[in-house]
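Structure first, then comments.
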Amino acid sequence: MLKNLMGSVREYKTPSLLAPLCVILEVFLEVLIPYLMASLIDKGISVGDMDFVIKYGIILVAAAMASLFFGVLAGNFAASASAGFAKNLRKDMFYKVQNFSFYNIDRFSASSLVTRLTTDVTNVQNAYQMVIRIAVRAPIMLVSALLMASRISPRLTIVYLVIIPILGFALYYIMSHAHPIFKRVFKTYDKLNNVVQENLHGIRVVKSFVREDFEKKKFEDISGDIYNDFTRVEKLIAFNGPVMQFCVYLCMLLISWFGAHLIVAGDMTTGQLTSMFTYTMQILMSLMMLSMIFVLIVISRAGMERITEVLIEVPDIADPDAPLMEVPDGSIEFDHVLFSYAKNEKKSVLKDIHLSIHSGETIGIIGGTGSAKSTLVQLIPRLYDVTEGSVRVGGHDVREYDLQVLRDAVSMVLQKNVLFSGSIKDNLRWGNPNATDEEMQHACRLAQADEFIQTFPDKYDTHIEQGGSNVSGGQRQRLCIARALLKKPAILILDDSTSAVDTKTDAMIRDAFAKEIPDTTKLIIAQRISSVQNADRIIVLDNGAVSAFGTHEELLASNPIYQEVYYSQVKEGDQNE
């Protein structure tokens with residue numbers, strides 16, 4: 001785990017090393033100051049030697065200023081190193097997610113990934129800063145102060161050797177019992193983020209169904225779980241303070257008691273006892289710092305594990321060793337394809353799919369809900385890989401292509417159309433970053449989007465809100481189609497992407513495709529027979545298997561499923577008239 005995390009330190013290794021170095025120098029000076037103070041009291045103030053007092057006073061001031069200087073440097077280096085480490089962690093995680101296949105993404109929910117990129121990384125950042133600064137300072141201070149104290153009075157040092165094991169046992173108990181709770185809390189945070197995301201994304205649905213009270217209850221339940229877990233763990237951690245205070249005061253009382261007896265007996269001077277008090281505070285403060293570090297590490301450990309899960313996740317889909325860098329044409333062949341999301345043949349979503357599609361053909365795909373229409377087309381650009389069999393594009397197995405080359409040759413307009421915040425031009429240029437205004441307008445005319453864009457005051461510079469919430473569903477679909485066309489793909493896949501437009505506009509889009517991009521292979525998933533009946537051929541899917549594959553006339557004459565859908569829609573259309 002630590003090896004994977006430390007790989008993200010990279011260019012911040014120098015400040016990560018300079019911070020503990022400055023801490024060591026700071027601690028050395030802090031430990032030296034009480035020793036100098038004892039000499040100042042015993043050899044200067046007690047005997048009235050003002051020259052000695054002035055000399056050692058100057059040395060003490062210089063040591064204090066140098067300690068402050070190194071402390072400031074250590075803080076700056078630690079802040080720079082921890083912030084840079086967190087930046088690289090977020091970058092590495094985000095870049096890793098970009099390479100995930102859909103299978104990998106399915107293993108992590110969106111809310112979980114957001115929590116890992118934010119809360120978990122922040123906790124790890126805080127822990128890292130504490131480790132390279134306080135975790136270095138505390139043990140060195142502890143050992144150094146113990147050595148100096150034993151040099152002054154070996155007998156009084158026994159007090160520390162009695163107290164330290166008591167404190168160590170208390171810290172171990174707190175740490176071992178708190179970690180499982182923190183681990184559970186962060187998983188609950190994932191659920192909370194998921195509820196919030198769903199609520200905000202579907203706020204119109206929530207309000208239209210008057211489900212605000214239900215959503216509030218769902219939020220309160222999960223928030224209550226977090227409250228209960230945090231209350232429990234904070235009560236546990238709260239013992240850390242009282243235990244530390246008990247040890248501090250006990251040490252001070254014991255040293256005062258035994259020290260007074262030693263002074264009376266002439267075995268210790270007043271200056272030495274004063275130094276022992278200072279070393280006592282340094283030792284116990286070091287222990288307190290260590291306890292804080294332990295608590296922070298307990299909190300961040302769950303986050304470290306969750307971050308590591310993302311970093312070590314192996315993408316399910318990757319480029320081959322010697323990938324093909326060109327897609328010859330838009331022909332597609334499914335060769336006895338079997339597919340399962342769980343990679344389990346017994347739970348196959350697609351079963352023995354065997355199809356051959358010529359380049360430039362327009363293929364319709366229909367089927368009932370759950371018939372795996374979307375799954376079928378997602379295998380073409382390798383959003384998923386087949387479980388058995390193969391999918392070939394341009395005569396080659398899709399697993400032989402460079403992923404970027406393959407996906408540049410395949411444009412998909414998915415069921416859930418997504419637009420991003422920015423202008424219409426910004427969104428269209430997702431299809432082609434170098435597209436000219438004329439190319440964008442041409443693509444929008446093909447997608448029947450130019451007409452409504454021209455009605456906007458800012459036309460193609462109109463700002464689109466996140467998710468495209470300020471345009472209608474049909475407008476959003478047409479903009480997504482135009483964006484896909486700008487890629488000038490060899491294969492265009494429309495996954496029920498004209499469901500929100502009227503039949504006239506749908507027909508105009510299909511006519512434009514037939515005239516303007518005849519060489520592009522077009523796969524159209526639709527619920528309306530009218531959207532696919534003019535296709536060259538139509539695939540009828542039923543429960544993940546091909547029920548029939550042929551022209552509209554052939555299917556209407558021979559396939560019961562197609563007949564049922566066709567006549568039900570024709571009858572419905574007659575009734576509407």
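Ala19 and Ala74 make their closest contact through O-CB, 3.8 Å (heavy atoms, listed as atom of the first residue, atom of the second, distance). Minimum interatomic distance between Leu379 and Tyr384 (heavy atoms only, all atoms of both residues): CD2-O, 3.7 Å. Considering all non-hydrogen atoms of both residues, Ala66 and Leu29 come closest at CB-CD1, 3.5 Å. When all heavy atoms of Glu400 and Pro320 are compared, the pair lying nearest together is O-CG, 3.5 Å. Listed here is the closest heavy atom pair of Asp120 and Gly303: CG-CA, 3.8 Å. Pairing each heavy atom of Val471 with each of Arg476, the nearest pair is O-NH1, 3.4 Å.
Side-chain contact, Ser8 with Asp92: a donor N or O sits under 3.5 Å from an acceptor N or O. Side-chain atoms of Asn228 and Thr231 form no donor-acceptor pair, as typed in the model, at a separation below 3.5 Å.
Side-chain contact between Asn88 and Val9 is absent, with no heavy atoms from C-beta onward closer than 4.5 Å. The side-chain heavy atoms of Met93 and Ile307, taken from C-beta on, include a pair separated by under 4.5 Å. Inter-residue side-chain proximity for Ile54 and Ile58 is flagged as met; some heavy-atom pair is nearer than 4.5 Å. No side-chain heavy atom of Asn99 sits less than 4.5 Å from a side-chain heavy atom of Glu313. Residues Trp430 and Phe420 have side chains in contact (heavy-atom distance under 4.5 Å, counting atoms from C-beta outward). Considering only heavy atoms from C-beta on, Ile317 comes within 4.5 Å of Leu403 through its side chain. Taking 4.5 Å as the limit, some side-chain heavy atom of Tyr401 sits within range of a side-chain heavy atom of Val327.
Dense packing is recorded around CD of Gln98, with more than 12 heavy atoms of other residues, nucleotides or ligands lying under 6.0 Å away. Heavy atoms of other residues, nucleotides or ligands lying less than 6.0 angstrom from CE of Met6 number more than 12. At most 12 heavy atoms of other shown residues, nucleotides or ligands fall within 6.0 angstrom of atom CZ in Arg232. When the shell of 6.0 Å around CD of Glu305 is examined, it contains more than 12 heavy atoms from other residues, nucleotides or ligands. For Tyr460, the OH atom counts as densely surrounded, since its 6.0 Å shell holds more than 12 non-hydrogen atoms of other residues, nucleotides or ligands.
A donor-acceptor pair under 3.5 Å links the side-chain atoms of Thr308 to the main chain of Met304, judged by distance alone. With hydrogens and angles ignored, the 3.5 Å screen pairs no side-chain donor or acceptor of Asp319 with any backbone N or O of Asp402. Put simply, the side chain of Lys96 gets close to the backbone of Leu311: a donor and an acceptor are under 3.5 Å apart. Counting only distance, with no hydrogens or angles, the side chain of Arg399 and the backbone of Arg382 share no donor-acceptor pair below 3.5 Å. With hydrogens and angles ignored, the 3.5 Å screen pairs a side-chain donor or acceptor of Ser144 with a backbone N or O of Ile140. Checking side-chain atoms of Thr387 against main-chain N and O of Ser340 turns up a donor-acceptor pair under 3.5 Å. Under a 3.5 Å cut-off, the side chain of Lys487 and the backbone N or O of Ala409 do not form any donor-acceptor pair. Between the side chain of Arg483 and the backbone N or O of Gly431, no donor-acceptor pair lies under 3.5 Å. Side chain of Ser67 to main chain of Ala63: no donor-acceptor pair is present (N/O by atom type, distance under 3.5 Å, no hydrogens or angles).
Rounding to the nearest 0.5 Å gives a distance of 11.0 Å between NE2 of His463 and CD1 of Ile424. Taking CD1 from Ile226 and CG from Asp221, the interatomic distance works out to 11.5 Å, rounded to the nearest 0.5 Å. Atoms OG and CD, on Ser80 and Gln129 in that order, are 10.0 Å from each other to the nearest 0.5 Å. Within the model, atoms OG1 of Thr462 and CG of Asp426 stand 11.5 Å from one another, a figure rounded to the nearest 0.5 Å. Taking CG of Leu73 as the start and CG of Leu25 as the end, the distance is 9.5 Å to the nearest 0.5 Å. Taking CD of Glu326 as the reference point, atom CG of Asp408 lies at 12.5 Å (rounded to 0.5 Å).
A salt bridge is defined here as a Lys NZ or Arg NE, NH1 or NH2 lying under 4.0 Å from an Asp or Glu carboxylate O, and Glu220 with Lys217 fails to meet this definition. Of the charged side-chain nitrogens involved, at least one lies within less than 4.0 Å of a carboxylate oxygen, so that Glu11 and Lys87 count as a salt-bridged pair.
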Legend entry - Criterion side-chain contact (heavy atoms from CB on, under 4.5 Å) on Leu324 and Val405, from CA distance to verdict: CA-CA 8 Å; Leu324 298 174; Val405 169; over 6 Å; no
Legend entry - Derivation of the side-chain contact (heavy atoms from CB on, under 4.5 Å) call for Thr122 and Thr118: CA-CA 6 Å; Thr122 299; Thr118 52; 5.5 Å; no
Legend entry - Derivation and outcome, side-chain contact (heavy atoms from CB on, under 4.5 Å), residues Leu383 and Arg407: CA-CA 9 Å; Leu383 298 181; Arg407 290 173 182 173; 4.3 Å; yes
Inset, instruction - Please report the C-alpha distance between Thr119 and Asn123 in whole Å, then the side-chain angles of each, then the deciding distance to 0.1 Å, and finally whether the side-chain contact (heavy atoms from CB on, under 4.5 Å) criterion is met. - result: CA-CA 6 Å; Thr119 304; Asn123 288 334; 3.9 Å; yes
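Under the 30°/60° scheme for interplanar angles, the aromatic rings of Tyr128 and Phe85 are found to be tilted.
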